[in-house]
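Please find one structure pasted underneath; my questions will follow.
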Protein chains: 2
Amino acid sequence: MKSNKEVTIYDIAAELNISAATVSRGLKDHPSINKKTKKRIRETALEMGYRSNTFASNLRSKRTNTIGVIIPRLNSNFMSAVLSGMEKVANEASYNLIISQSLESAQKEALNVQTMFNNRVDGIMVSLAYDTTDTSHFELLLKKGIPLLFFDRVLELPQCTCVMIDNRKAGYEATKHLLEQGCKNIFHITGQLTRTVYAERLSGYKSALQDFGLEYNEANVLITRLDEKAGTDAAEKIMAMSSRPDGVFASNDTSAVSCMSALKRSGLRIPEDVAFVGFNNDPISRVIEPNLSTINYPGFEMGQIAAQKLINHLNTENHINMTDSIILKAELISRASSRRTL
Amino acid sequence: MKSNKEVTIYDIAAELNISAATVSRGLKDHPSINKKTKKRIRETALEMGYRSNTFASNLRSKRTNTIGVIIPRLNSNFMSAVLSGMEKVANEASYNLIISQSLESAQKEALNVQTMFNNRVDGIMVSLAYDTTDTSHFELLLKKGIPLLFFDRVLELPQCTCVMIDNRKAGYEATKHLLEQGCKNIFHITGQLTRTVYAERLSGYKSALQDFGLEYNEANVLITRLDEKAGTDAAEKIMAMSSRPDGVFASNDTSAVSCMSALKRSGLRIPEDVAFVGFNNDPISRVIEPNLSTINYPGFEMGQIAAQKLINHLNTENHINMTDSIILKAELISRASSRRTL
DNA sequence: AGTATAAATACAATCGGTTGCATTATATAT
DNA sequence: ATATATAATGCAACCGATTGTATTTATACT
């Protein structure tokens, strides 16, 4: 009857009449250990039911094989997809993920960074909270040389990689599409412009208007939290406008859908009276009637790429080129909500 | 200029001319340390920028303050809510969460258990994968005395707590509601019946039929993966049936919505021709037209309660009463998809 | 003052891998 | 056979907090 105690490398060493150091090196395939010895070590370890003690290892090697992920909220299909992608890559590289939500609060975001810092994560991936303006809570990471990567809602810091889409282009394409469908007066529902994702989309929106010879009208842009209420607020505003918009480009599907629903309730026809384009390609966009045109946002891919980038960086000695950014494709999906019979 | 090295309790001890043991005890508010000394220790620790080294601590104390969570998929609003609830409670109790997905595969589930086991999590919370039948991968946890808690898709193991809703009752209520709206022939879209959640709902469905004097008809039950395809498959089947159902009770909103959409495309009217009740109260249920009646599933609450239960258990010495189960309320939300003008 | 008792602190072993350096075994060259 | 290079292994310190036990200090009681 074996006792309940854990098997250590010392037990293996004793069993094989070799030193613990050799066992340690053998287990991690160190080049200076004889192949036959390695084999014996591996076999004995297996037999004895050995499992490495992460803490002892971490304590000594000062690495945790853990990556922290801070996201605003775990409530969108997009975020789920991103996390799935990250998890896949991290798992394969035997890294663990610690996920926490900022709940769109800069304060909680700072707290999360602190917690992860204390837990000695090897690196951190962040999508910024809605109201983060002060970014000093990231400084201690950079100071300690803990790699920091931003995705989606990024922050252009000199020492950080960003993984994102070309938001300006996406905003341009969405708006252009509406214009091509004959819209002359396009409303834009967006988020906090301190988040560059939204600022960029707005910029694309403006460019498209310009290219089609239309004046930019500030009254057509509504800054919101991009939740359901944002959509109904927008609808209310739209209904009250003297020259009513004939198109809406929303910076996420949630607000687009809720706005569409509200307008429908007010008796407007989609897309005849108002055409819609959303953002994210959430499942919801294929449920609403008419189906919502939207920008396909490659979440899974983004997660994979972000995690891969960070892990590559962690696994290489030379800590260079962590500074470049990665831009993913994000194309328009045209559905009934924006297609007018021309 | 301070060096980049971390501050340890030895540094604090040296600074204050006391022993490291006293510092260690002082920092965790041990009763046998003088209050004044504690104060000095705390202050010095703060000044010197001390942060505790989790690994050294874990190595010695054999606890990690980490809880593993294994879920089938991170793609539903419900799961997001559960995780949010868990995260909240865990954070407050200064536990970390390691989340991973089984992707509905029993094999990956077993792998995840193994990984978390190796990472020495203090406890594990699991919602079972779709096709898990063999549950031997949980045995090593129980053998090592690592507490295991199931939520939502539970498994009735003698030594485990389960947190769930009364699925039988929910199934009964959903079906009863349809019957009260005049349905005589109710179709049921469900998941793998080895998952008790679905078996229980089916059982409730049967009871309701019986109470209303209707015969149970096996042809009216379709076992699916509860994804979008499940809905369209069900719709196809329904359209092909000789005596067409006039009501559908689906075990999640995703399949309900996709089935509803398909039937609508086939020219059926909801709820006049076919009334619908879903399950989960996903946001999607309030987007589809007509809005989907559904069972409100208190995800956030479930997450909180599950985490609280596990943490309480971890924090108490006497490892008793980890065996009782917790049943949450889940009530029907009646919306247009099932309300017939009577 | 002298002893019993309690409170506060210190000592030192321990947790289990990791790693620089020393040492021994083996292979190759002369 | 001897010298030299190389491969393989061992030694022992180390990472930093924890904790049982011993020791010192403060307090209480005759």
Side-chain angles (χ1 to χ4, degrees), chain A residues 3-42 44-46 48-66 94 117-120 122 144 315 317, chain B residues 3-42 44-45 48-66 94 117-120 122 144 317:
Chain A
S3 104
N4 204 36
K5 285 217 61 170
E6 292 285 340
V7 178
T8 71
I9 53 169
Y10 297 98
D11 300 327
I12 299 177
E15 183 77 20
L16 292 174
N17 260 316
I18 55 177
S19 76
T22 303
V23 175
S24 173
R25 293 198 174 97
L27 286 171
K28 48 182 39 189
D29 214 19
H30 192 282
S32 74
I33 302 294
N34 189 300
K35 283 186 204 85
K36 283 180 199 161
T37 313
K38 277 183 195 164
K39 186 147 175 282
R40 282 167 60 219
I41 292 172
R42 270 199 304 272
T44 316
L46 204 62
M48 300 178 74
Y50 167 80
R51 55 174 182 155
S52 163
N53 185 317
T54 333
F55 314 128
S57 167
N58 288 344
L59 174 58
R60 189 61 226 255
S61 62
K62 308 205 167 197
R63 300 191 69 205
T64 64
N65 279 293
T66 298
S94 52
F117 178 66
N118 285 337
N119 276 287
R120 309 285 209 280
D122 290 341
K144 286 274 180 185
N315 288 342
E317 282 311 307
Chain B
S3 103
N4 205 35
K5 286 216 59 166
E6 291 286 340
V7 179
T8 71
I9 52 170
Y10 297 99
D11 300 327
I12 300 177
E15 183 77 21
L16 293 174
N17 259 316
I18 56 179
S19 77
T22 303
V23 175
S24 173
R25 293 199 171 98
L27 285 172
K28 46 183 38 188
D29 213 19
H30 192 283
S32 74
I33 301 295
N34 191 300
K35 284 186 203 82
K36 281 180 199 159
T37 315
K38 278 183 195 164
K39 185 147 175 283
R40 281 168 60 221
I41 291 171
R42 269 200 305 273
T44 317
M48 299 178 73
Y50 168 79
R51 56 174 182 156
S52 165
N53 184 318
T54 332
F55 314 128
S57 169
N58 289 345
L59 174 59
R60 188 61 226 255
S61 63
K62 309 204 166 198
R63 302 192 69 209
T64 64
N65 280 293
T66 299
S94 50
F117 178 66
N118 285 337
N119 276 287
R120 308 287 209 279
D122 291 341
K144 287 273 180 188
E317 282 310 308

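Each chain gets a letter, A, B and so on, in the order the sequences are listed, and its residues count up from 1.
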No-H, no-angle donor-acceptor pair, A:Arg25 side chain to D:dG10 base, under 3.5 Å:
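Side chain to base: pair found, below 3.5 Å.
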
Give me the residues of residues 11-21 of chain A where at least one heavy atom lies under 4.0 Å from an atom of DNA chain D, by number, or none.
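Of all residues in residues 11-21 of chain A, the ones placing a heavy atom under 4.0 Å from DNA chain D are A:Asn17, A:Ile18, A:Ser19, A:Ala21.
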
Phosphate oxygens OP1/OP2 of D:dG16: is one of them under 4.0 Å from a side-chain N or O of A:Lys62?
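Yes, A:Lys62 has a side-chain N/O under 4.0 Å of OP1/OP2 on D:dG16.
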
Can you list the steps and then say if A:Leu16 with A:Arg40 is a side-chain contact (heavy atoms from CB on, under 4.5 Å)?
CA-CA 8 Å; A:Leu16 292 174; A:Arg40 282 167 60 219; 3.9 Å; yes

Please confirm whether the backbone N or O of B:Phe55 pairs with a side-chain atom of A:Arg120, one donor and one acceptor, at under 3.5 Å?
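A pair under 3.5 Å: no.
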
B:Tyr50 pairs by side-chain contact (heavy atoms from CB on, under 4.5 Å) with which of B:Val23, B:Leu27, B:Thr44?
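Looking at B:Val23, B:Leu27, B:Thr44, the match for B:Tyr50 under the side-chain contact (heavy atoms from CB on, under 4.5 Å) is B:Leu27.
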
Under-4.0 Å side-chain N/O to phosphate OP1/OP2 contact, A:Ser57 with C:dT18
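Checking C:dT18 against A:Ser57, a side-chain N or O does come within under 4.0 Å of OP1 or OP2.
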
Map B:Arg40 and A:Ser61 onto DNA chain C by nearest heavy atom, then report which one ends up closer to the 5' terminus.
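Result of the comparison: B:Arg40.
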
So which nucleotide from C:dG17, D:dT9, D:dT19 ends up closest to the side chain of A:Ala56?
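Of the options given, the side chain of A:Ala56 lies nearest C:dG17.
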
Do the side-chain N or O atoms of B:Thr37 get closer than 4.0 angstrom to the phosphate oxygens (OP1, OP2) of C:dT9?
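Answer is yes, contact under 4.0 Å.
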
Give every donor-acceptor pair under 3.5 Å between a side-chain atom in residues 7-14 of chain B and any protein atom, sequence neighbours left out.
from: B:Thr8; atom 1: OG1; to: B:Tyr10; atom 2: N; distance (Å): 3.1
from: B:Thr8; atom 1: OG1; to: B:Asp11; atom 2: N; distance (Å): 3.4
from: B:Asp11; atom 1: OD2; to: B:Thr8; atom 2: N; distance (Å): 2.9

Using a heavy-atom cut-off of 4.0 Å across all strands, would you classify B:Thr8 as base, sugar-phosphate, or nothing?
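Answer is sugar-phosphate: B:Thr8 comes under 4.0 Å of backbone atoms only.
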
N/O (side chain, A:Asn53) to phosphate O (OP1/OP2, C:dG17) under 4.0 Å:
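A:Asn53 to C:dG17 OP1/OP2: no side-chain N or O under 4.0 Å.
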
OP1 or OP2 of C:dT14 sitting under 4.0 Å from any side-chain N/O of A:Tyr10?
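No.
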
Ignoring the backbone of A:Arg60, work out which of D:dC14, C:dT14, C:dT9 is nearest its side chain.
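Closest of the options to the side chain of A:Arg60: D:dC14.
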
Five pairs at each end of the helix from C:dA1-D:dT30 to C:dT30-D:dA1: take the axis at both ends and give me the angle between them to 10°.
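Both end axes considered, the difference amounts to 40°.
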
Please determine if a side-chain N or O atom of B:Ser32 lies less than 4.0 Å away from the OP1 or OP2 oxygen of C:dA8.
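B:Ser32 to C:dA8 OP1/OP2: no side-chain N or O under 4.0 Å.
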
